[in-house]
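In what follows, a single structure is set out as structure tokens and then discussed.
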Amino acid sequence: MDLLAGLNDQQSAAVIHDGGPLLVVAGAGSGKTRVLTHRIAHLIHERGVSPYEILAITFTNKAADEMRERVGRLVGDRFVGLSREEDGTARVRRWGGMWVATFHSACSRLLRQEAHRLGYDNRFTIYDSSDSTRLVGICINDLGIDPKKITPRGAAAAISRAKNELIDFDAFALRARKDGTWYDRQVAEIYRAYQGRLHRASAFDFDDLLVKTVELFELFGDALDHWRQRFRYVLVDEWQDTNHAQYELVRLLCWEHRNLSVVGDSDQSIYGFRGADIRNILDFELDFPDATRVTLDRNYRSTQTILDAANAVIAHNLQRIPKHLWTDVGAGAPIVSYTGENEHDEAAFVAEETARLAEQGEFSPGDCAVFYRTNAQSRLLEEVLVRLGMPYQVVGGTRFYDRAEIKDLLAYLRVIVNPADDVSARRILNVPRRGIGARTEAALDLFAGQERIPFLEACRRVEETQLAARAVGAVSGFVQLIDDLRAAVDTGELSLREIVELVWTRTRYLAELEAERTVEALGRVENVRELATVADEFAARQPDATLPELLESIALVSEQDQLGEGAPRLVLMTMHNAKGLEFPVVFMVGMEDSVFPHHLTLGDPGALEEERRLCYVAMTRAQQRLYLTRAWHRTLFGATNANPPSRFLREVPAELVQDRSGDSGGPSRRGLAKAGARSQYQRDDDTDDGDLLVGDWILHPRFGTGQILELSGQPGSEEAVIRFDESGTKRLALAYAPLVKMW
DNA sequence: GCCTAGCCCATTTTT
DNA sequence: TGGGCTAGGC
């Protein structure tokens, strides 16, 4: 097998590189995944490296699965821990072959073997961000700090930032005392309390997975030696988005053997806000002076037009390694710009254009993707798509696993696995309602703190508290329930699905929901049942899977992981979520200053550069067609604004762009008509402002919808009194007011 | 202890 | 826009 077949010179160089650190600067669409997979295959095949010695880090679980499959195809499934069924479906053997994982899942896996050394249970729980925010809130409460002055969210974010920098609470406190604000000193206290709570609960938050692994390596030389020898070859994808903790982890693992390959693109660093440190890539060669650099700038994805546009935009950034993408596939179609009257019009354009492409047989809706800056923008896109009957899928937004009912059930499962998990125990203490209120909970927590025991243990000893008999009875019932569930699970006779079902039956969770008989409750019932399906699917992929493993995989799923399930349809997602993906047709909507770039970044040059990188990432997802759309007027969070065109739009050379705003009879006519059409969309070109009558409903771009109460004046200078739904009653001159009749 | 109404608030991106 | 939270009533 020729692993270099079809690769260009730079790619080949990266694949066969031997000896010392390797930095692959890989522009968007330059085939970096190919380089990584072929490099791994090369190591195994040509250099006799055991797959067992390889650690490959990817950005999402989905990317990890893909890489495992691709390497498997090159060198054989058994090397990568895959086994294949007769029908071709892949199954993952748990400890098989090489590790392909995200930072977080790799650390989690490693800590499952090592956590006890750090004083944690190997069956630790992983807290997601909402769990940690909750716990921070509890700590704020404990310390008697006013949660209005320091919000749980704010404090949690500050703590997370510190952890990303490997600053523990002592160091944090020291710094806060020296030259910190009052806020910092309070956070230092919260940080300490929070970490104590985590430890007592045998729980790690996302950041701890990294921090504690680093700590393990620093404290236990034998552990470091062991894992260092185990992973003699380390490859990291998306290096530009690593934070300091991740960097340190990699440095510790690789410092001696130096078999480190990192692949990244400083222009695609878009996670600075959560601690990703762009210097990790910019300074790589300072930290590893013996590193070899290979630059991949030949793009295999997009047309030259799209690349020219993206290159032009990113060239405005100062913090970067200069690089210029090129391709030989030709110029392709021009970039299309469109300005709608308002956001409804803009959305309608996207939907219509997708439909038009499909009608012409050029691209199916499944080839198209819509990217927006914030999740809030997805709703009205969805409205329009529903109205037009265009099938679509939203990636991200409210995650399945963030729904209250799912978190409730998961909390039961987590308590079964890890009885010390206080956040989960407290979450379900009174869910479903069993008459245990805030006072009882507080008393139990106090008792737990005094006795230095987990919350559930405090519940078990509820009789030692001063609580009233009724509360004691209710709490005992709760403990009994948990004990019963754990006993049933511990028999080892239940499948994952049966465990999930047991929880919702024994707790009467499902029954209570069904009894509500509301539409919302019905949706929740479906979600709850869906969790059993998740359990089944997990068991199918990994036949010997255990409950802790199921919980771990759920804790570490990412947004992109849901992509591509079901029939192909138009995909909606944030630009961040688009990273690493590609689509024949891409719409970028909301190209307005203060939407994108986001208004919070406008005054901050560094943040603005990150926005520009985000723009670059989004643009370079497009293979053949790129649409950049905006609206003259946009209503967001109830307020209507007229935003100037995005500066990124102005950075695209005009000759690459074709403006389609003039399509179909002028923007205002088109847009307003669309906003008005409620149940059935129709192009409303024959609406004539002159035909207005008292009682008509109209739409004004600034004031919204309203009803005409009164008409007066001579033809040519008529006035109307209009009662707007949102903006009150106004008298407007018809000759000037841009009114459009709705129905 | 529970429920609801009304308030208030903020409002980016997420492993 | 709505979602999360508190205060007040049962």
Side-chain angles (χ1 to χ4, degrees), chain A residues 57-64 101-108 126-130 132-134 137 147-148 151-154 156-157 160 163-164 204-210 238 241-243 245-246 269-276 343 371-380 383 395-399 401-402 404 429-430 432-442 467-468 470-471 474 552-553 555-561 573-580 590 594-602 604 607 610-611 613-615 617-618 634-640 704 726:
Chain A
I57 303 281
T58 57
F59 196 67
T60 63
N61 294 299
K62 183 168 178 267
T102 63
F103 268 108
H104 290 86
S105 59
C107 288
S108 172
I126 300 170
Y127 283 169
D128 68 20
S129 359
S130 69
S132 19
T133 305
R134 202 187 195 93
K148 286 199 185 86
T151 64
R153 253 187 71 183
S160 174
K163 288 186 175 184
N164 287 161
F204 294 130
D205 62 21
F206 278 141
D207 304 313
D208 274 350
L209 292 174
L210 309 167
E238 308 284 11
D241 283 321
T242 51
N243 58 37
Q246 291 166 332
S269 166
I270 56 174
Y271 285 101
F273 68 91
R274 70 172 195 220
E343 71 276 14
F371 302 157
Y372 36 79
R373 177 63 176 83
T374 65
N375 276 309
Q377 290 167 260
S378 75
R379 181 182 305 145
L380 97 311
E383 275 173 27
V395 175
T398 325
R399 293 167 66 225
Y401 297 107
D402 282 343
L429 178 64
N430 196 35
R433 308 232 173 283
R434 43 179 80 93
I436 306 174
R439 295 182 72 96
T440 307
E441 186 188 334
L467 286 165
R470 228 175 67 183
E552 172 165 321
S553 93
L556 299 175
V557 290
S558 70
E559 308 281 3
Q560 275 189 16
D561 298 344
M573 66 179 88
T574 63
M575 299 187 195
H576 281 87
N577 264 322
K579 175 169 147 147
S594 91
V595 175
F596 183 50
H598 196 273
H599 70 93
L600 293 178
T601 67
L602 288 178
D604 178 346
E610 180 148 315
E611 295 283 290
R613 290 193 293 271
L614 185 57
C615 184
V617 168
R634 179 176 303 273
T635 306
L636 209 55
F637 300 121
T640 303
E726 312 289 344

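Atom set for the values below is all heavy atoms of this structure, side chains included, hydrogens, waters and symmetry mates excluded. Per chain, numbering begins at 1; letters A, B, ... match sequence-line order.
Of the possible donor and acceptor atoms, none in the side chain of A:Glu611 sits under 3.5 Å from a partner among the backbone N and O of A:Phe596. Between the side chain of A:Arg613 and the backbone N or O of A:Ser269 there is at least one donor-acceptor pair closer than 3.5 Å. Judged by distance alone, the side chain of A:Arg373 and the main-chain N or O of A:Met575 form no donor-acceptor pair under 3.5 Å. Not one N or O on the side chain of A:Asn61 forms a donor-acceptor pair closer than 3.5 Å with the backbone of A:Ala101. The closest donor-acceptor contact from the side chain of A:Ser108 to the backbone of A:His104 lies at 3.5 Å or more, if one exists at all.
Atom C1' of nucleotide B:dT14 and atom NZ of A:Lys163 are separated by 16 Å, given to the nearest angstrom. Distance A:Lys62 NZ to B:dT15 C1': 16 Å, rounded to the nearest Å. Regarding A:Gln377, its CD atom lies at a distance of 16 Å from the P atom of C:dT1, rounded to whole Å. The separation between A:Asp205 atom CG and B:dT14 atom C1' is 14 Å, rounded to whole Å. The CG-P distance, from A:Asn164 to B:dT15, rounds to 14 Å in whole Å.
With rounding to the nearest 0.5 Å, the separation of CD in A:Glu610 from NE2 in A:His598 is 13.0 Å. To the nearest 0.5 Å, the span separating CD on A:Glu441 from CD1 on A:Ile436 amounts to 9.0 Å. Atom OG1 of A:Thr60 is separated from atom CG of A:Leu556 by 12.0 Å, given to the nearest 0.5 angstrom.
Proximity of A:Phe371 to A:Met573: side-chain heavy atoms (C-beta onward) are separated by under 4.5 Å at one or more points.
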Which atom pairs link the protein and nucleotides 2-8 of chain B when you take only N or O atoms and keep those under 3.5 Å?
from	atom 1	to	atom 2	distance (Å)
B:dC2	OP1	A:Gly435	N	3.2
B:dC2	OP2	A:Asn430	ND2	3.2
B:dC3	OP2	A:Arg433	NE	2.7

Polar atom pairs between nucleotides 9-13 of chain B and protein, under 3.5 Å, N or O only, would you list them?
from	atom 1	to	atom 2	distance (Å)
B:dT12	O4'	A:His598	NE2	3.4
B:dT12	O2	A:Arg373	NH1	3.3
B:dT12	O2	A:Arg373	NH2	2.3
B:dT13	OP1	A:Asn375	N	3.0
B:dT13	OP1	A:Asn375	ND2	3.2
B:dT13	O4'	A:Arg373	NH1	3.3

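Comparing the same atom, P, in B:dT12 and in C:dC5 gives a spacing of 16 Å after rounding to whole Å.
Taking the nucleotide of DNA chain B with the nearest heavy atom to each of A:Asn243 and A:Thr440, the more 5' of the two is matched to A:Thr440. Between A:Arg439 and A:Thr102, the residue anchored closer to the 5' end of DNA chain B is A:Arg439, taking for each the nucleotide with the nearest heavy atom.
A:Tyr271 and A:Phe59 have tilted rings, their planes meeting at an angle from 30° to 60° on a 0 to 90° scale.
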Watson-Crick or G-U pairs under 3.5 Å in DNA chain C, rendered as dot-bracket with [ ] for crossing pairs and | for another strand
.|||||||||
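Checked against the 6.0 Å centroid criterion, the rings of A:His576 and A:Phe273 qualify as a close aromatic pair.
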